[in-house]
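Beneath this line is the structure, given in structure tokens, with notes to follow.
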There are 2 protein chains.
Amino acid sequence: MSASTISRALAKHPRISVKTCELVQKTAAVMNYRPNHLASNLRRGKGKLIGVIIPRINRHFFSHAIAGMEAITNPAGYNLMICQTNEDFESEQQSLQTLINNRVDGIIVSVASGTRTTKHFKAAIDEEIPLLFFDRVMEELDTDRVVNDNFAGAYAVTKHLIEQGFHKIMHLAGPRHINVYKHRYTGYLKAMEEADLEVSPEMVIDDCLTRDKGEQFAEKLCDSGNLPDAIFSASDYSALGVLLVLKKRGINVPSDIGLAGFANEPFTEFLEPSITTLEQFGEDMGQSVARMLIDRLESKEEKKFTSSVSFKPQLIIRESTIKNKI
Amino acid sequence: MSASTISRALAKHPRISVKTCELVQKTAAVMNYRPNHLASNLRRGKGKLIGVIIPRINRHFFSHAIAGMEAITNPAGYNLMICQTNEDFESEQQSLQTLINNRVDGIIVSVASGTRTTKHFKAAIDEEIPLLFFDRVMEELDTDRVVNDNFAGAYAVTKHLIEQGFHKIMHLAGPRHINVYKHRYTGYLKAMEEADLEVSPEMVIDDCLTRDKGEQFAEKLCDSGNLPDAIFSASDYSALGVLLVLKKRGINVPSDIGLAGFANEPFTEFLEPSITTLEQFGEDMGQSVARMLIDRLESKEEKKFTSSVSFKPQLIIRESTIKNKI
DNA sequence: AATTTTTGTGCAATCGATTGTACTAAAAAT
DNA sequence: ATTTTTAGTACAATCGATTGCACAAAAATT
């Protein structure tokens, strides 16, 4: 029996008789036949490889996202090629080239904070490699994407703070050129506005996302003696820094100052007080992009549309914002 | 100029003149030539793919390990295919088959706790696919491996507890069939023995690695009223559970009971009191196995030896074991 | 000058699955 | 019984890099 017949039998080609199909299938099983993906990939010109570019693998959110992607891509026969940018633009650019050179079937990107232009992504688009964004998107590019509704999240937590009786609420912000931080900022603004609370420029602290930055900020704040009612940080890490300093200085959270973060990092639950924050469902989001990409790859259709999924972060209320215990 | 000449020129074959080499290289650069990995892989029968089987991607230790592996394998042109077992034997078996079917060049495994036999690994060995173990090893298999010196770590922390004046020290253990937990147990025993401290059977609690199990254990312990001086847990998670219950019950750590964990999970630093634990250098270990595997793959030599690297965990002393503040 | 050696290239086969085309046998239609 | 249709299978080319072998040209040797 010729190789072509066997190939078609395995693929259940309509021109092959059912008997033959079954015979081939059985025989294949008996002789423990395994198709050589390399060969079929060569033929199809595709490698069943998906490139992933993220700032860091070992962040709570991203490692969960990767876990989610694997859960979808592995059973579908795709492999993941994962690149870390460490938030660096050069590195992102290079990773993208590497992925293109490896002829990946598609690319999932979460943009580095060092990135400010979209030019390098054009390379992938020119090669007609599907490009999807994940969490950190380039808004000016019209591509498939899976994001968090950071606006809603920030709005919810800010509103919660206000309802708890905090009025002068500061915001520790991230780079405004990244959608994620921009929306956390605007969500905060919206909630404040709606409550007729003023937001003066000095109430928003830029580039304050790390533990260190949070500590430095809190030190300065304490020195100034001019404390706000509460602080909503765009990052759990800077919220952590703030909390540690406040505690050191004997300022009580939440009775003196309310505090909320973003991302539900594992440690937020165990700090004392535990920190109110927002869960981002990294694993689900990872599954979602992976599915979106595979759908795109496996439909022969032309790209006639752009998909976009937006997850709602879940507000997790903890001690750091509950002013009045019942 | 023929394809063969070009191929050789690019590979700097000695039979090709330097002029030709340079010409080819330049021309290739100009026309933006990218070798098709698929084709070359097919020819060589290898896919430049490394399989990784771990219990969970999104654990602190493992996500860092993966990050370390990527850092080595990516630049070397290898991709990682990552499978999670969720500690389940069946799943491990299946992942192994998947990797073999995908004709990976090598496999890195951290054994699931549900695994008790080595039979399924024989499949990889029969296929002559290099198999390396990482952290959780099958000791009866003579393969390359990178491990933690859990014995030394456990010994160090137990000794530290003893030096701090804790004498009756309980141990929360994991499944003894896993090297990692076995050695944490024996390290603990050794230190106790050396200090002439008795370890009665009820001082070692089996299968107590999760937060839940830790909480259950601590509840029972408190109810019994028969408290030890200290507890050394083989897992930060059960240590966490214990701490939460003790605090709830008004038992002070470390003045009433000392407490130590293992793995330096991020939250251990921020609990109150912060928990003494051991850092495992996941990223370095990941780099180490990856290097070991690539060395093996790229040396044409027969396998004449078995490599083994053992990392020393670093004792991180925190509040939970410092009985007498100075 | 003739012969050997060295050096540089090209031919053609190979890796294994896939697929358009062609061909044969069987079934259906006339 | 002859023609048409359809089903089932095989041939051969293809994907692109690689490599053993052979051959030609140039250099070295006698």
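Note that this is a predicted model, so its numbers are computed, not measured. Naming convention: chains lettered A, B, ... in sequence-line order (proteins, then strands); numbering from 1 in each chain.
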Let me know the distance between [atom1] of [X] and [atom2] of [N], rounded to the nearest Å.
X     : N      : atom1 : atom2 : answer
B:R34 : D:dA17 : CZ    : C1'   : 16 Å
A:N41 : D:dG16 : CG    : C1'   : 14 Å
A:L38 : D:dT18 : CG    : C1'   : 15 Å
B:Y33 : D:dT18 : OH    : C1'   : 10 Å
A:K19 : D:dG8  : NZ    : P     : 7 Å
B:M1  : D:dA17 : CE    : P     : 16 Å
A:L10 : C:dG16 : CG    : C1'   : 13 Å
A:I6  : D:dA10 : CD1   : P     : 9 Å

Tell me which donor-acceptor pairs under 3.5 Å the side chains of residues 119-135 of chain A have, and how far apart each pair is, sequence neighbours excluded?
residue	atom	partner	partner atom	Å
A:H120	NE2	A:E92	OE2	2.7

Which donor-acceptor pairs under 3.5 Å do side chains of residues 57-71 of chain B form with protein atoms, sequence neighbours excluded?
residue	atom	partner	partner atom	Å
B:N58	ND2	A:H64	ND1	3.2
B:S63	OG	B:R59	O	3.4
B:S63	OG	B:H60	O	3.3
B:H64	ND1	A:N58	ND2	3.3
B:E70	OE1	B:N74	ND2	3.0

Looking at C:dA17, D:dG8, C:dG8, which one has an atom nearest to any side-chain atom of B:T20?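 Out of C:dA17, D:dG8, C:dG8, the nucleotide with an atom closest to B:T20's side chain is C:dG8.
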
Measure the [atom1]-[atom2] distance between [X] and [Y] for me, rounded to the nearest 0.5 Å.
X      : Y      : atom1 : atom2 : value
A:R43  : A:N41  : CZ    : CG    : 12.5 Å
A:L42  : B:S40  : CG    : OG    : 10.0 Å
B:K312 : B:N150 : NZ    : CG    : 10.5 Å
A:I107 : A:N102 : CD1   : CG    : 10.0 Å

Qualifying ring pair (Phe, Tyr, Trp, His ring centres under 6.0 Å) pairs, either residue in residues 33-56 of chain A, two or more places apart: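 For residues 33-56 of chain A, and leaving out neighbouring residues, there are no ring pair (Phe, Tyr, Trp, His ring centres under 6.0 Å) pairs at all.
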
Does A:R296 make a cation-pi contact with A:F305 (under 6.0 Å, within 45 degrees of the axis)?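 Output yes; distance and angle both within limits.
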
Main-chain N/O of [Y] paired to [X] side chain as donor or acceptor, under 3.5 Å:
X      : Y      : result
A:E87  : A:A112 : no
B:D105 : B:K48  : yes
B:H183 : B:N179 : yes

Residue-phosphate contact under 4.0 Å: A:S40 side-chain N/O, C:dA17 OP1/OP2: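 For A:S40, the contact criterion (side-chain N or O under 4.0 Å from OP1 or OP2 of C:dA17) is not met.
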
Angle between the end axes of the helix from C:dA1-D:dT30 to C:dT30-D:dA1, five pairs per end, to the nearest 10 degrees?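 Computed from the C1' atoms at both ends, the axes differ by 50°.
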
Reading DNA chain C from 5' onward, which residue's closest nucleotide shows up sooner: B:I16 or B:L42?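 Its nucleotide being nearer the 5' end, the pick is B:I16.
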
Can you pull out the residues from residues 73-80 of chain A that lie within a 4.0 Å heavy-atom distance of DNA chain D?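 Those residues: none at all.
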
Would you list the protein and nucleotides 19-22 of chain C atom pairs, both N or O, that sit under 3.5 Å from each other?
residue	atom	partner	partner atom	Å
C:dG20	O6	A:R8	NH2	2.6

